[in-house]
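See structure below.
Proteins get letters first, then strands, A, B, ... in listed order; numbering begins at 1 in each. The analysis underlying the following values was restricted to heavy atoms, covering all of them including side chains, and did not include hydrogens, waters or symmetry mates.
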There are 2 protein chains.
Amino acid sequence: MREREEYLFELFENLLRIKNECSCKIFSECGLSDITIRQIAYLKTIDEQGDITFSRLAEITRNSKPTITETIKKFIQMECVYRERCPDDGRVLYIRLTGKGQRIARAERDSLRQVIGRMMDSLDTHEQEHLIGLLKKVG
Amino acid sequence: MREREEYLFELFENLLRIKNECSCKIFSECGLSDITIRQIAYLKTIDEQGDITFSRLAEITRNSKPTITETIKKFIQMECVYRERCPDDGRVLYIRLTGKGQRIARAERDSLRQVIGRMMDSLDTHEQEHLIGLLKKVG
DNA sequence: CTTAATTAGTTAGGTTTTGCCTAATGATAA
DNA sequence: TTATCATTAGGCAAAACCTAACTAATTAAG
């Protein structure tokens with residue numbers, strides 16, 4: 001019992017290690033190995049919100065507008081976002097993710113997806129269903 | 001196939017969410033909800049190394065000794081570490097983790113352990129073995 | 001239909017915190 | 001007395017915020 005628990009722990013630890021390597025690889029491929037969690041969180045917010053403006057991002061993150069201007073400036077230098085003027089209102093600018101920005105924003109999920117993909121490859125249909133059944137019991 | 005993959009993804013995402021809640025709870029219980037990753041990494045190093053001195057920690061982390069003095073000062077204020085003079089050499093100080101420091105250093109692993117514990121509780125012996133068998137194929 | 005008020009974002013200039021450094025100093029050991 | 005371990009003093013650069021004053025575009029009011 002105790003043994004099985006320990007073994008399961010090690011198996012999961014290994015999966016998490018692989019997942020972590022995957023997301024580090026994504027950051028490294030984007031040339032952004034030293035991006036901060038805070039920055040990733042900003043990019044995630046931009047990704048989730050869709051048509052997001054400077055004012056709205058300031059509101060959501062509870063920062064002043066100048067802070068957002070600065071943050072976005074840095075992201076533009078990093079080639080993670082660009083600005084797009086709203087066609088209906090010339091005062092408004094939308095913050096848009098570049099391909100790189102989107103990769104970063106979704107790195108966490110995508111790295112898990114990669115690990116799951118590997119799992120699918122190592123198991124046949126029957127085993128896959130079995131695994132799902134077991135994990136369903138847990139959740 | 002695609003469906004099963006997506007479902008498996010969601011199941012794992014859920015497990016990771018639970019694990020994350022567990023580790024956040026640990027930090028919060030220690031009154032250190034806004035501890036940084038860097039600080040956690042230092043505490044992990046101290047935990048792993050055992051009898052570690054200021055000079056050695058400076059060496060491992062590639063920092064100057066004054067930087068380490070400062071870092072440790074902050075940890076002492078946070079009640080995560082204390083200093084213990086070496087009985088054999090009065091110049092040397094060991095950096096020791098307090099209970100709180102150890103909890104933080106091990107939060108990541110312990111939160112995974114908690115999740116695994118829950119899994120064990122929801123499955124019988126046979127199912128546990130089956131799960132191990134499937135994950136072993138993957139790793 | 002122009003002018004005044006409002007709104008969106010920027011600039012300028014500042015603060016605080018973090019995370020590091022070198023050089024000099026004190027205490028202990030060899 | 002020379003070397004080693006840690007500390008103090010003082011400083012630097014970057015991060016992550018801020019307020020106040022500004023520009024440009026829109027809306028509303030006379």
Side-chain angles (χ1 to χ4, degrees), chain A residues 27 30-46 49-97 101 104-105, chain B residues 27 31-46 49-98 101 104-105:
Chain A
F27 298 142
C30 289
L32 295 172
S33 287
D34 52 0
I35 193 165
T36 67
I37 321 172
R38 197 176 305 243
Q39 287 175 322
I40 295 168
Y42 274 101
L43 292 176
K44 270 186 184 169
T45 303
I46 296 166
Q49 293 283 321
D51 283 349
I52 193 170
T53 65
F54 283 74
S55 297
R56 180 80 186 109
L57 186 57
E59 212 175 283
I60 292 170
T61 63
R62 290 181 201 175
N63 283 129
S64 69
K65 283 193 273 184
T67 299
I68 299 302
T69 298
E70 238 179 296
T71 304
I72 297 302
K73 243 185 205 166
K74 212 173 293 166
F75 279 144
I76 289 172
Q77 277 177 358
M78 293 160 75
E79 299 178 318
C80 285
V81 311
Y82 60 97
R83 302 178 316 169
E84 189 171 78
R85 196 163 291 278
C86 173
D88 303 333
D89 186 338
R91 292 168 304 182
V92 174
L93 290 169
Y94 291 124
I95 305 165
R96 306 276 190 214
L97 290 184
I104 303 283
Chain B
F27 299 142
L32 295 173
S33 288
D34 51 0
I35 193 165
T36 67
I37 320 171
R38 197 175 305 246
Q39 287 175 322
I40 295 169
Y42 273 102
L43 293 176
K44 271 186 184 168
T45 304
I46 296 167
Q49 293 284 322
D51 283 350
I52 193 171
T53 65
F54 283 75
S55 297
R56 180 81 187 109
L57 186 56
E59 212 175 282
I60 293 171
T61 63
R62 290 179 202 176
N63 283 127
S64 69
K65 281 193 271 185
T67 299
I68 299 302
T69 299
E70 239 178 293
T71 304
I72 297 302
K73 243 186 205 168
K74 211 172 295 166
F75 280 144
I76 289 172
Q77 277 176 358
M78 292 160 73
E79 298 178 319
C80 285
V81 313
Y82 61 96
R83 301 177 315 170
E84 189 170 81
R85 195 164 292 278
C86 172
D88 305 332
D89 185 340
R91 292 168 304 179
V92 174
L93 290 169
Y94 291 123
I95 305 166
R96 305 275 190 215
L97 291 183
T98 61
I104 301 282

(message) Can you build the contact string for nucleotides 19-29 of chain C? Use B for base contact, S for sugar-phosphate-only contact, and - for no protein heavy atom under 4.0 Å.
(response) SBBBB----BS

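For the atom pair CD of B:E59 and CD1 of B:I68, the computed distance is 11.0 Å after rounding to the nearest 0.5 Å. Annotation: the span from B:L97 atom CG to B:I46 atom CD1 amounts to 5.5 Å, rounded to 0.5 Å.
Using a 4.0 Å heavy-atom criterion, one finds that A:R83 contacts the sugar-phosphate atoms exclusively. Using a 4.0 Å heavy-atom cutoff across all strands shown, B:T69 reaches at least one base atom of the nucleic acid.
Across the protein-nucleic acid pair, A:I76 atom CD1 and C:dG9 atom C1' stand 12 Å apart, rounded to whole Å. Following rounding to the nearest Å, A:I72 (CD1) and C:dT10 (P) show an atom-to-atom distance of 9 Å. One can place CD1 of A:I52 at 14 Å from P of C:dA8, the figure rounded to the nearest angstrom.
Within the 4.5 Å cutoff, side-chain heavy atoms of B:I104 are placed close to those of B:F27. B:D89 has its side chain within reach of B:V92: a pair of non-hydrogen atoms, C-beta onward, lies under 4.5 Å apart.
Contact record, A:A105 with A:K44: O-CG, 3.4 Å, taken as the closest heavy-atom pair. Smallest separation of non-hydrogen atoms from B:T69 and B:F54: CA-CE2, 4.0 Å.
Between B:Y42 and the choices B:T36, B:N63, B:T71, the side chain to side chain donor-acceptor pair (under 3.5 Å) rule is met once, by B:N63.
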When the side chains of residues 72-84 of chain B are checked against the rest of the protein, which donor-acceptor pairs come out under 3.5 Å, sequence neighbours left out?
from  : atom 1 : to     : atom 2 : distance (Å)
B:E79 : OE1    : B:K100 : NZ     : 3.4
B:E84 : OE1    : B:R96  : NE     : 2.9
B:E84 : OE1    : B:R96  : NH2    : 2.9

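First and last contacting nucleotides of DNA chain D toward chain A (any atom under 4.0 angstrom from a heavy atom, 5' to 3' order): D:dA16 to D:dT26.
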